[in-house]
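Any value given below was found using the heavy atoms of this structure, including those in side chains, with hydrogens, waters and symmetry copies removed.
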Amino acid sequence: EPILCTSGWYSDPGPLGAMAGVLKELSVVRCFEGTLRRYEHTSPTLGDCQMVFAVYTPDGKEGTKFPAVFWLSGLTCTDENFSQKAGAFETAAALQLVLVMPDTSPRGDAVPDEDPHTYDFGKGAGFYLNATTEKYKKHYNMYDYVTKELHNIVVKHMPVIADKISVMGHSMGGHGALTLALKNPGKYRSVSAFAPITNPTDAPWGKKAFPLYLGGDTATWNEYDTVELVKKYSGPPVRLLVDQGSSDNFLEAQLKPWSLKAACEQRGITCNLRMREGFDHSYFFISSYIKDHLQFHASMLGGVLRWCPDQLPSPSVYSTQENKQMFDTAGKDIECLAAVAFEPKKPLSVVKVTVGPPQKGEVRIKHVAVALCHTDAYTLEGSDPEGLFPSILGHEASGIVESVGEGVTEFSPGDHVVPCYQAYCGGCKFCKRPDINLCTSVRAFTGKGVMAGDGKPRFSYQGKPIYHFMGTSSFSEYGVVHAQSLAKIRRDAPLEKVCLLGCGISTGWGAVWNTAQVERGATAAVFGIGAVGLSVIEGLVKAGASRIIAVDLLPNKLELAKKWGATDTVNPKDLPEGKSVQAEIVGMTEFGVDYSFDCTGNTQVMRSALECSARGWGVSVVIGVAAAGQEISTRPFQLVTGRTWKGTAFGGWKSKPQVPMLVDLYMAGEVKIDEYITHTMDFKNINEAFELLHKGECLRCVLKF
């Protein structure tokens with residue numbers, strides 16, 4: 001097996017151990033924080049010809065295994081085109097990704113070809129299929145070579161996590177990547193392509209190669225055609241990322257990305273097709289966007305979401321014709337149970353309210369589950385400067401679309417959704433700005449508890465209006481929200497679980513990954529170990545933090561923090577008299593932590609969090625919401641000496657495009673949700689659930705309607 005030296009993965013200078021007789025190492029080159037190796041081996045799948053492939057491996061501790069991405073190259077290419085021209089290795093090292101680069105066809109004098117040889121068939125043009133014609137079936141089996149033989153070699157002999165592999169490619173290789181992913185649902189965590197041949201059965205390259213490799217049966221051709229595979233795809237939800245240059249010489253005749261887009265829209269498959277103005281078919285194009293593709297794959301492989309699509313999916317995604325539902329309540333008032341906050345500092349009243357039909361740009365949803373959040377309690381206590389009474393609180397929920405108002409095309413009755421208090425319109429300056437999620441499209445209205453259409457609420461009780469809350473108002477069996485405040489999600493996700501993604505734990509993860517952008521090896525302190533604090537710890541663990549200090553006044557919360565991954569705990573009550581918690585943490589870490597997070601909403605704790613961060617580079621993130629009128633303070637010298645004080649709302653997530661991706665990560669087992677749910681109750685017991693929250697006896701209580 002490969003052994004680890006201080007500078008990265010190296011094979012033993014002598015025989016290759018378990019790889020002896022399997023792989024011959026041709027070259028070793030250091031590049032950024034990793035190593036590129038080329039190997040040669042005899043391939044039984046390809047008629048015992050000699051094949052060469054390359055593997056780039058990031059540096060890591062002994063025994064570390066990494067996710068991997070296979071790169072499939074285009075016509076005429078070898079493994080070397082990508083490694084020498086794409087400029088991918090710096091990003092791969094930073095993201096801790098192994099890159100695997102096979103050749104594009106079988107090679108050698110014994111491998112048959114057409115006479116005369118042409119660039120678009122035979123050697124250098126294997127099309128990632130299994131040939132069936134007599135002349136080519138012995139050698140041209142690149143589909144099996146990539147998905148089976150080379151896959152198994154990489155998993156067995158390289159430091160790769162077997163179930164965390166993705167695939168991408170260019171041109172013919174983009175065709176290969178897409179077809180491999182669609183033909184093997186679940187095998188690849190993610191797939192992307194640059195300028196792929198999307199519909200080879202209707203393109204000159206495919207019409208030339210397929211008869212020679214596969215014979216005259218066009219039904220067999222369809223098995224290696226992305227568009228045709230999309231039309232019959234029935235696996236788990238898949239997201240296709242495709243970049244295409246507008247000045248590509250092959251765009252019109254050979255590539256036809258619009259055929260792929262149309263097929264995906266018809267089938268309800270997410271296809272992020274991005275036309276890149278002025279780019280051609282070359283590696284200049286690939287090198288311009290390879291970092292973004294690798295960030296996409298790293299997010300899907302590692303569970304640390306640091307990639308956002310720049311477009312919303314087609315309305316058909318998660319909303320195919322067979323899934324649509326019709327409700328006989330559409331267009332009518334609905335009477336239903338709701339927990340109304342008639343005045344502050346009083347229990348909620350579970351009463352029957354009237355919910356009006358959605359107007360232009362609005363959606364009415366039937367809630368399935370809702371979780372309690374401290375923000376709801378904070379408002380009920382009268383601490384929220386925007387708190388209005390009477391109102392219907394609640395903002396961490398999930399549901400099913402019951403009906404839509406005029407002009408709403410992206411949602412249909414029966415869609416599964418998560419309401420989001422941070423709206424997303426995609427058009428305002430905040431939505432268009434990277435890494436910012438403070439959409440202004442409906443904010444002026446949600447802050448006043450009304451709808452944008454007419455400045456009025458859709459709730460009423462005994463003929464009197466009831467205000468909305470945070471644009472969501474989830475403590476009601478039915479609710480009306482702006483279309484900008486809903487994220488559509490996959491239908492196989494359990495609604496009683498993913499309701500938590502509407503606020504708390506998403507905020508914690510995002511505070512780490514988006515706002516602080518914590519890097520591998522960093523140190524951190526987390527103040528307040530409720531559900532949000534624990535999700536911060538989870539985010540830090542996944543980001544690779546080397547030391548995580550949890551701070552809380554309750555010993556049972558500190559024990560939970562250890563279970564979630566905290567390396568150290570501090571209880572301020574246990575410190576010597578006169579010693580501050582920030583002084584304790586600075587002493588534990590020499591100069592302070594790299595990052596600190598306040599999850600309490602207490603302004604004194606916010607100061608402690610800032611002052612325990614390292615001078616020169618420390619970053620402190622405020623997550624907790626303080627009561628009305630509260631102000632934060634510190635000595636200016638704390639900031640003069642290089643600390644940064646930041647805040648985060650909903651963890652910086654752009655709700656519509658990214659909440660569905662968080663659901664994907666949960667469904668893939670990459671992030672926790674179930675572990676945060678300590679209680680499940682019937683909705684009518686909502687006041688009892690609030691008592692548990694106030695006593696600190698639950699992390700998240702989910703109420704079912």
Please assess Met667 against Val498 for the test side chain to side chain contact (heavy atoms under 4.5 Å, CB included), listing each intermediate value before the final yes or no.
-> CA-CA 10 Å; Met667 296 297 288; Val498 296; 5.7 Å; no
Return the orientation label for the Tyr283 and His170 ring planes: parallel under 30°, perpendicular over 60°, tilted otherwise.
-> perpendicular
Hey, can you tell me if Phe70 and His151 have their rings parallel, tilted or perpendicular (30° and 60° cut-offs)?
-> parallel
Ion pair check, Asp113 and Lys123, cut-off under 4.0 Å |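 Looking at Lys123 together with Asp113, the answer is no, because their closest N to O distance does not fall below 4.0 Å.
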Do you see a donor-acceptor pair shorter than 3.5 Å between the side chains of [X] and [Y]?
X      : Y      : answer
Asn141 : Thr45  : no
Lys183 : Thr147 : no
Tyr39  : Asp79  : no

Within the 4.5 Å heavy-atom criterion, are [X] and [Y] side-chain neighbours or not?
X      : Y      : answer
Asp415 : Ser412 : yes
Pro67  : Leu95  : no
Lys646 : Val619 : yes
Met51  : Pro102 : no
Thr648 : Asn514 : no
Val98  : Thr57  : yes
Arg38  : Val52  : yes
Leu255 : Pro196 : no

Under a 3.5 Å distance rule, please check whether [X] uses its side chain to pair with a backbone N or O of [Y] as donor and acceptor.
X      : Y      : value
Lys488 : Glu410 : yes
Thr133 : Leu212 : yes
Gln96  : Ala93  : yes
Ser506 : Gly502 : no
His482 : Val442 : no

Evaluate whether atom CZ of Phe284 has more than 12 neighbouring non-hydrogen atoms of other residues, nucleotides or ligands under 6.0 angstrom away.
->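 No, the 6.0 Å shell around CZ holds no more than 12 heavy atoms from other groups.
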For [X], check side chain to side chain donor-acceptor pair (under 3.5 Å) against everything at least two apart and list the hits.
X      : answer
Thr270 : none
Glu114 : Lys135, Tyr136
Asp248 : Gln244, His281
Trp617 : Asp594

Go through the steps for Tyr145 and Asp103 under the test side-chain hydrogen bond (donor to acceptor under 3.5 Å, both in side chains), then give the verdict.
-> CA-CA 10 Å; Tyr145 176 71; Asp103 203 344; over 6 Å; no
With Lys291 via side-chain contact (heavy atoms from CB on, under 4.5 Å) - residues at least two apart =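 With neighbours one apart ignored, the set is Thr91, Gln295.
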Counterpart residues, side-chain contact (heavy atoms from CB on, under 4.5 Å), relative to Ser314 (two or more places apart) =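 Only Glu265, Ser316, Val317 meet the side-chain contact (heavy atoms from CB on, under 4.5 Å) criterion with Ser314.
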Derivation and outcome, side-chain hydrogen bond (donor to acceptor under 3.5 Å, both in side chains), residues Glu519 and Tyr595 | CA-CA 10 Å; Glu519 71 277 5; Tyr595 301 94; 2.5 Å; yes
What is the minimum heavy-atom distance between Val671 and Lys542, and which atoms define it?
->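 Of all heavy-atom pairs spanning Val671 and Lys542, the closest is CG1-CD, 4.3 Å.
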May I ask you to check if Arg267 and Tyr233 form a cation-pi contact, with NZ or CZ under 6.0 angstrom from the six-membered ring centre and within 45° of the axis?
-> no
Leu241/Arg274 under side chain to side chain contact (heavy atoms under 4.5 Å, CB included): CA gap, chis, key distance, verdict = CA-CA 8 Å; Leu241 173 62; Arg274 307 183 298 195; 3.6 Å; yes
Which pairs of donor and acceptor atoms, one on a side chain in residues 418-439, lie under 3.5 Å apart (sequence neighbours left out)?
from, atom 1, to, atom 2, distance (Å)
Tyr421, OH, Phe650, N, 3.1
Asn437, ND2, Ala649, O, 2.9
Asn437, ND2, Trp653, O, 2.9

Report the C-alpha distance between Val238 and Ile269 in whole Å, list the side-chain angles of each, state the deciding distance to 0.1 Å, and finish with yes or no for side chain to side chain contact (heavy atoms under 4.5 Å, CB included).
-> CA-CA 7 Å; Val238 62; Ile269 290 176; 3.9 Å; yes
Could you tell me which residues satisfy ring-ring contact (aromatic ring centres under 6.0 Å, His included) with [X], sequence neighbours excluded, listed by chain and number?
X      : result
Phe82  : Trp71
Phe285 : Phe194, Phe279
Phe89  : Tyr56

Looking at residues at least two apart in the chain, or sitting in another chain, which of them share a salt bridge (charged side-chain N to carboxylate O under 4.0 Å, His left out) with Lys164?
-> Glu670
Return all side-chain donor-acceptor pairs below 3.5 angstrom for residues 213-228, not counting sequence neighbours, or 'none' if the list is empty.
from, atom 1, to, atom 2, distance (Å)
Tyr213, OH, Gly122, N, 3.1
Tyr213, OH, Ala125, O, 2.8
Asp217, OD1, Ala219, N, 3.0
Asp217, OD2, Thr220, OG1, 3.4
Trp221, NE1, Gly215, O, 2.9
Glu223, OE2, Lys232, NZ, 2.4
Tyr224, OH, Asn130, N, 3.4
Asp225, OD1, Asn199, ND2, 3.1
Asp225, OD1, Val227, N, 2.9
Asp225, OD1, Glu228, N, 3.1
Asp225, OD2, Asn199, ND2, 2.8
Asp225, OD2, Thr201, N, 3.0
Asp225, OD2, Thr201, OG1, 2.7
Glu228, OE2, Lys231, NZ, 3.3

Test side chain to side chain contact (heavy atoms under 4.5 Å, CB included) applied to Asp292 and Trp307, step by step | CA-CA 8 Å; Asp292 183 73; Trp307 183 87; 3.1 Å; yes
